[in-house]
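Here is the structure we will look at.
So you know, we letter chains A, B, ... as the sequences are listed, proteins then strands, and number each from 1. Keep in mind the model is a prediction, meaning the values are calculated, not measured. In what follows, every heavy atom counts, from backbone to side chain, and hydrogens, waters and symmetry copies are set aside.
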Number of protein chains: 2
Amino acid sequence: MAVYVQALEAMLQENMNVVSSEGLAAACNVNSSQIRKDLAYFGEFGVRGVGYYIQDLLAAMREYLGINREWNCALVGVGNLGRALLRHKQLARKGFLIVAAFDCDPFKIGEVVAGHEIFCTRRLKERKQDLGIEIGMIATPPERAQRATNHLIEAGVKGIINFAPAIVHVPDDTVIDYVDFSQNLITLAFQLSSHPSS
Amino acid sequence: MAVYVQALEAMLQENMNVVSSEGLAAACNVNSSQIRKDLAYFGEFGVRGVGYYIQDLLAAMREYLGINREWNCALVGVGNLGRALLRHKQLARKGFLIVAAFDCDPFKIGEVVAGHEIFCTRRLKERKQDLGIEIGMIATPPERAQRATNHLIEAGVKGIINFAPAIVHVPDDTVIDYVDFSQNLITLAFQLSSHPSS
DNA sequence: ATATGTGAAAGTTTTCACAGCA
DNA sequence: TGCTGTGAAAACTTTCACATAT
């Protein structure tokens, strides 16, 4: 679903107005009836004989997905990946603002990266209140991922995205999502090994 | 499937020897018969009444997934994310070695990052031969992702992992895989918006 | 004419339940 | 007794095909 938003944004940038399910399907490499099913799910948005008005469709999808507003995020773990996230303009442009950075390394605490002072992870709770943090991003080494998660949970953060290659456990009322490069590379390696030609 | 490898590696680190489908299921947050089905797929590896021997299982899975060897990778796009990837030790530890870095910005060409000289993207083809590159990693801005892809394809790279938030098109004999942070954040935002409690 | 919305068919994945082996 | 391997059932997803609207 989020893929559609991406494709539609690209189309809008190229001054397109209307798109057919077939057109969007080609851009996303999926089947056209898939698209129609998905889009029909939140109201009859298409115009028969014409297609979908990109502007309206995007607005409806953004609302549906909960990205018609900004989300305040806290970064835990300011290594190379954490720094890359802090400097990543794409995230801010999409409404995901990193408003605080934390690390447990005493040498890093107090350092300023991309305009953000790094705080001790213990101060998460106090700063969560002040800054209205809703999402936590974990970019620690894998062995510290669970501890970072616990700090976030204790602070009352209900949504966590984990960039560390480790499975972490959270209570039922907390949402956890994973981004794991090595995982994706393994998938790729598998595909390359198994189907060498064709 | 790659998740199991991760969980099993963590267990091995904690000096475990044997694991039951139930135990692995708990660690991965999945159903136990799922695990049995998946593991049974490549031979009868479990011992009834006992469980699975982690060492043997890992070896079998690594072979099956094609990660019982090293893969040479080329990075295209040396921005913040690219730098983070170059310095990411986890990837090398898992056998994914970045052996060359490319960028089309004349100011970056010749610079050395984490022991790697940055080359002009045009020289991809020539260096692919020398270094035995099998996987391309795209970490350019989204609008340059397709061009980077084309360079890789022209050089004969058959496996690509795209970190840029853009859909790219490749011929049928080339495998493409996506890693998109904003996509994951959107998913998270959606889950947080729709199920605020429970 | 053209392209959506949708029921019904086909395909895939997940879960259950239990026979069979250590 | 304890845990795997697996057929059969249930749940879910994808695709097709066509009636329906502009």
Side-chain angles (χ1 to χ4, degrees), chain A residues 1-5 7-8 11-12 16-61 63-65 167 172 176-178 183 186-187 190-191 194-195, chain B residues 1-5 7-8 11-12 16-61 63-65 167 172 176-178 183 186-187 190-191 194-195:
Chain A
M1 204 81 159
V3 179
Y4 303 160
V5 173
L8 290 167
M11 286 173 176
L12 209 59
M16 287 174 153
N17 255 331
V18 184
V19 71
S20 69
S21 60
E22 202 105 16
L24 186 53
C28 301
N29 296 320
V30 296
N31 181 296
S32 65
S33 53
Q34 184 76 263
I35 299 232
R36 292 203 296 280
K37 268 268 154 69
D38 290 348
L39 299 192
Y41 179 72
F42 53 90
E44 303 199 3
F45 248 92
V47 183
R48 296 178 191 216
V50 180
Y52 301 87
Y53 290 99
I54 297 178
Q55 290 264 354
D56 299 355
L57 186 55
L58 259 178
M61 293 191 75
E63 167 147 19
Y64 175 75
L65 290 172
I167 296 160
D172 281 353
I176 177 98
D177 207 348
Y178 294 87
Q183 202 106 216
I186 291 172
T187 304
F190 172 66
Q191 288 167 287
S194 50
H195 99 122
Chain B
M1 203 80 157
V3 178
Y4 302 161
V5 173
L8 290 167
M11 286 173 178
L12 209 60
M16 287 174 152
N17 254 331
V18 184
V19 71
S20 68
S21 60
E22 201 104 16
L24 187 54
C28 301
N29 297 319
V30 296
N31 182 296
S32 66
S33 53
Q34 185 75 263
I35 300 236
R36 293 203 296 280
K37 267 268 155 68
D38 290 347
L39 299 192
Y41 178 74
F42 53 88
E44 301 199 2
F45 248 91
V47 183
R48 295 176 192 219
V50 180
Y52 301 87
Y53 289 99
I54 297 178
Q55 290 264 354
D56 300 355
L57 187 54
L58 259 179
M61 293 192 76
E63 168 150 17
Y64 174 74
L65 290 172
I167 296 161
D172 281 353
I176 177 98
D177 207 347
Y178 294 87
Q183 202 109 210
I186 291 173
T187 305
F190 173 66
Q191 288 167 287
S194 51
H195 101 120

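To the nearest angstrom, P of dA17(C) lies 14 Å from CD of Glu22(B). Atom CD1 of Ile35(B) and atom C1' of dC16(C) are 16 Å apart (whole Å). As a whole-Å value, the separation of Asn17(A) CG from dA3(C) C1' is 17 Å.
Under the 3.5 Å distance criterion, with hydrogens and angles disregarded, a donor-acceptor pair is assigned to the side chains of Tyr4(B) and Asp38(B).
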Mark up nucleotides 5-14 of chain D, 5' to 3', with B wherever a protein heavy atom is under 4.0 angstrom from a base atom, S wherever such an atom reaches only the sugar-phosphate, and - elsewhere. BBBB-----S
I'd like to know whether Tyr52(A) forms a side chain to side chain contact (heavy atoms under 4.5 Å, CB included) with Leu39(A), so could you lay out the CA-CA distance, the side-chain angles of the two residues, the decisive distance to 0.1 Å, and finally the verdict. CA-CA 10 Å; Tyr52(A) 301 87; Leu39(A) 299 192; 3.7 Å; yes
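Within the 4.5 Å cutoff, side-chain heavy atoms of Tyr64(A) are placed close to those of Tyr41(A).
Between the OG atom in Ser33(B) and the NZ atom in Lys37(B) there is a gap of 7.0 Å [rounded to 0.5 Å]. Atom CG of Leu8(B) is separated from atom CD of Gln55(B) by 10.5 Å, given to the nearest 0.5 angstrom. Atom CD1 of Ile35(A) is separated from atom CG of Leu24(A) by 3.5 Å, given to the nearest 0.5 angstrom.
For the pair Ser21(B) and dT4(D), the criterion of a side-chain N or O lying under 4.0 Å from OP1 or OP2 is met.
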